[in-house]
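Notes to accompany the following structure.
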Amino acid sequence: LHDALPILPQGNSTRVLMAELDVTEQETIGRRFHSIIQTTANAVFDHDLRDDTFWWSEGLMTSFGHDPAALAGSTDQWAALVHPDDLPKVQEILAQARKTPDMIVRTSYRFRRGDGSYAHIEERARVLTDAAGRPQRMIGTLVDVTDRAMAEQRFRIVAENTSDVVFESDRSEDRLWWSEGFRTTFGHDPETAAHNVAAFMELIHPDDLDRLIALNAAWERAPASRFRAEYRLRRADGRYANVEVRSRRVFDSSEGPARVVGALIDITERKAIEERLHLAVKVTSDVIWDMDLAANSIWWSDGLCDKL
């Protein structure tokens with residue numbers, strides 16, 4: 001790219017100052033950017049914070065049914081499409097992002113499609129600043145996660161209508177969600193108690209903690225997605241319950257497991273029965289046997305030795 005700057009005449013001659021700028025790298029980056037946009041169905045946007053204008057990719061039309069050119073105006077056009085119940089929260093998050101240079105924004109909300117229905121979306125964006133640290137642009141994507149949101153809603157409905165304590169661990173945010181059974185079974189508030197992994201570990205009996213950590217570490221290295229273990233969990237009143245945990249990993253992408261979903265089952269009564277049976281076997285001279293048809297095996301009490 002050549003640029004010419006005329007210089008005022010001096011005598012009988014006029015000088016022209018020529019400059020050459022290599023824009024090959026800029027063109028390459030531009031081509032890569034547009035190639036990426038063309039291969040994704042997500043809506044990519046570039047918000048110029050200086051004049052409050054937008055550029056949208058064609059993904060806005062393919063994913064949400066909106067003409068990109070029609071939404072090139074101000075933030076008000078975008079805000080009009082956000083569900084009214086979600087707008088204050090989203091505006092607060094985006095305002096905070098503008099105050100934090102190079103902050104990665106990740107938020108979810110409902111976005112009205114061209115046909116009037118609402119899509120559940122996840123927005124990921126980043127604020128770019130100038131050399132002085134002043135916000136200049138926000139570049140990001142809108143990803144339609146409606147199918148996942150509906151599946152999560154169905155999961156919540158099932159979880160609230162089962163006697164088991166259902167949980168979901170979000171690894172990206174280190175957050176634990178509990179069903180209402182956490183309150184009815186163990187007396188803990190699902191909203192505040194064991195809100196992350198560290199808080200949950202505090203409820204596990206100290207004598208069981210190391211063993212459970214070792215089992216979980218082995219599970220992380222194994223290809224199997226299911227996990228099962230027994231341990232003691234402290235109730236809200238301070239007593240310990242015997243529980244059985246059953247969980248599995250959920251993969252949202254090829255990057256690895258994003259969530260763990262499972263259930264806690266209170267087996268305190270079952271353990272008490274097993275203990276009473278064990279004591280009864282110890283004090284009787286009768287021969288007691290237990291045939292496991294599934295495993296094709298037989299267990300005999302010590303009374304068998306006394307009889308032989």
Side-chain angles (χ1 to χ4, degrees), residues 1 3 21-153 170 172-173 252-253:
L1 175 65
D3 196 8
L21 176 64
D22 186 357
V23 296
T24 304
E25 183 177 355
Q26 295 180 8
E27 292 176 348
T28 301
I29 294 174
R31 286 196 297 269
R32 289 174 180 169
F33 178 71
H34 287 288
S35 296
I36 293 173
I37 291 174
Q38 291 171 357
T39 58
T40 179
N42 299 330
V44 181
F45 67 87
D46 183 350
H47 182 194
D48 191 324
L49 301 175
R50 295 164 295 183
D51 59 8
D52 194 24
T53 57
F54 281 82
W55 174 88
W56 293 92
S57 70
E58 286 300 320
L60 187 66
M61 172 62 76
T62 56
S63 293
F64 306 109
H66 292 294
D67 181 0
L71 291 181
S74 68
T75 305
D76 292 339
Q77 291 181 308
W78 161 83
L81 298 176
V82 179
H83 195 286
D85 293 344
D86 300 338
L87 185 58
K89 176 199 69 173
V90 178
Q91 288 178 324
E92 181 180 352
I93 293 174
L94 296 181
Q96 181 61 38
R98 296 185 186 186
K99 300 177 184 177
T100 310
D102 296 325
M103 174 182 175
I104 302 296
V105 180
R106 180 174 177 177
T107 184
S108 57
Y109 53 91
R110 286 163 291 180
F111 187 74
R112 193 171 74 242
R113 299 187 179 99
D115 62 6
S117 64
Y118 279 94
H120 292 262
I121 70 164
E122 183 176 274
E123 177 178 331
R124 300 179 185 179
R126 183 172 185 173
V127 175
L128 304 182
T129 61
D130 61 13
R134 293 184 295 263
Q136 301 292 300
R137 299 158 61 195
M138 178 181 286
I139 298 177
T141 60
L142 303 185
V143 182
D144 190 339
V145 295
T146 304
D147 290 343
R148 189 181 75 191
M150 292 296 99
E152 291 176 351
Q153 184 177 14
D170 187 328
S172 63
E173 300 181 3
D252 284 349
S253 68

**Message:** Give me the atom names and distance for the closest heavy-atom approach of Val105 to Ala97.
**Reply:** CG2-CB, 3.2 Å
**Request:** Mind running side-chain contact (heavy atoms from CB on, under 4.5 Å) on His47 and Asp52 for me, showing each step along the way?
**Result:** CA-CA 7 Å; His47 182 194; Asp52 194 24; 2.8 Å; yes
**Complete:** Partner of Phe45 under ring pair (Phe, Tyr, Trp, His ring centres under 6.0 Å), picked from Trp56, Phe111, Phe64, is Trp56
**Asked** Salt bridge check: are Asp144 and Arg113 linked by an N-O gap of less than 4.0 Å?
**Response** yes
**Request:** Compare all side-chain heavy atoms of Arg126 with those of Ile139 and state whether any distance is below 4.5 angstrom.
**Result:** no
**Asked** Does His66 reach the side chain of Leu81, with side-chain heavy atoms less than 4.5 Å apart?
**Response** yes
**Short side-chain to backbone donor-acceptor contact, Gln77 and Ala70, under 3.5 Å** = yes
**Asked** Parallel, tilted or perpendicular for Tyr109 and Trp78, by the 30°/60° rule?
**Response** perpendicular
**Asked** For the side chain of Thr146 and the backbone of His120, is there at least one donor-acceptor N/O pair under 3.5 Å apart?
**Response** yes
**Asked** Say you draw a straight line from CG of Leu71 to CE of Met61; how long is it, rounded to the nearest 0.5 Å?
**Response** 9.5 Å
**Complete:** Tightest non-hydrogen contact, residues Ala80 and Arg112, listed as O-NH1, 3.0 Å
**Asked** Which heavy atom of Ser57 sits nearest a heavy atom of Pro68, and at what distance?
**Response** O-CG, 3.5 Å
**Prompt:** Taking the side chain as C-beta and beyond, is there a heavy-atom pair between Arg134 and Leu49 under 4.5 Å?
**Reply:** no
**Message:** Any non-hydrogen side-chain atom of Thr75 less than 4.5 Å from a side-chain atom of Gln91?
**Reply:** no
**Prompt:** Closest heavy-atom contact between Thr141 and Val44?
**Reply:** CG2-CG2, 3.9 Å
**Item:** Nearest atoms (heavy-atom pairs only) where Val127 meets Pro135
**Value:** CG1-CB, 3.9 Å
**Prompt:** Got Arg50 and Gln136 here, is their nearest side-chain heavy-atom distance under 4.5 Å?
**Reply:** yes
**Complete:** Residues Ser108 and Lys89: closest non-hydrogen pair is O-NZ, 2.9 Å
**Message:** With rounding to the nearest 0.5 angstrom, report the CD to CG distance, Glu123 to Leu94.
**Reply:** 5.5 Å
**Message:** Treating Asp46 as the side-chain partner and Trp55 as the backbone partner, does any N or O pair qualify as donor plus acceptor under 3.5 Å?
**Reply:** no
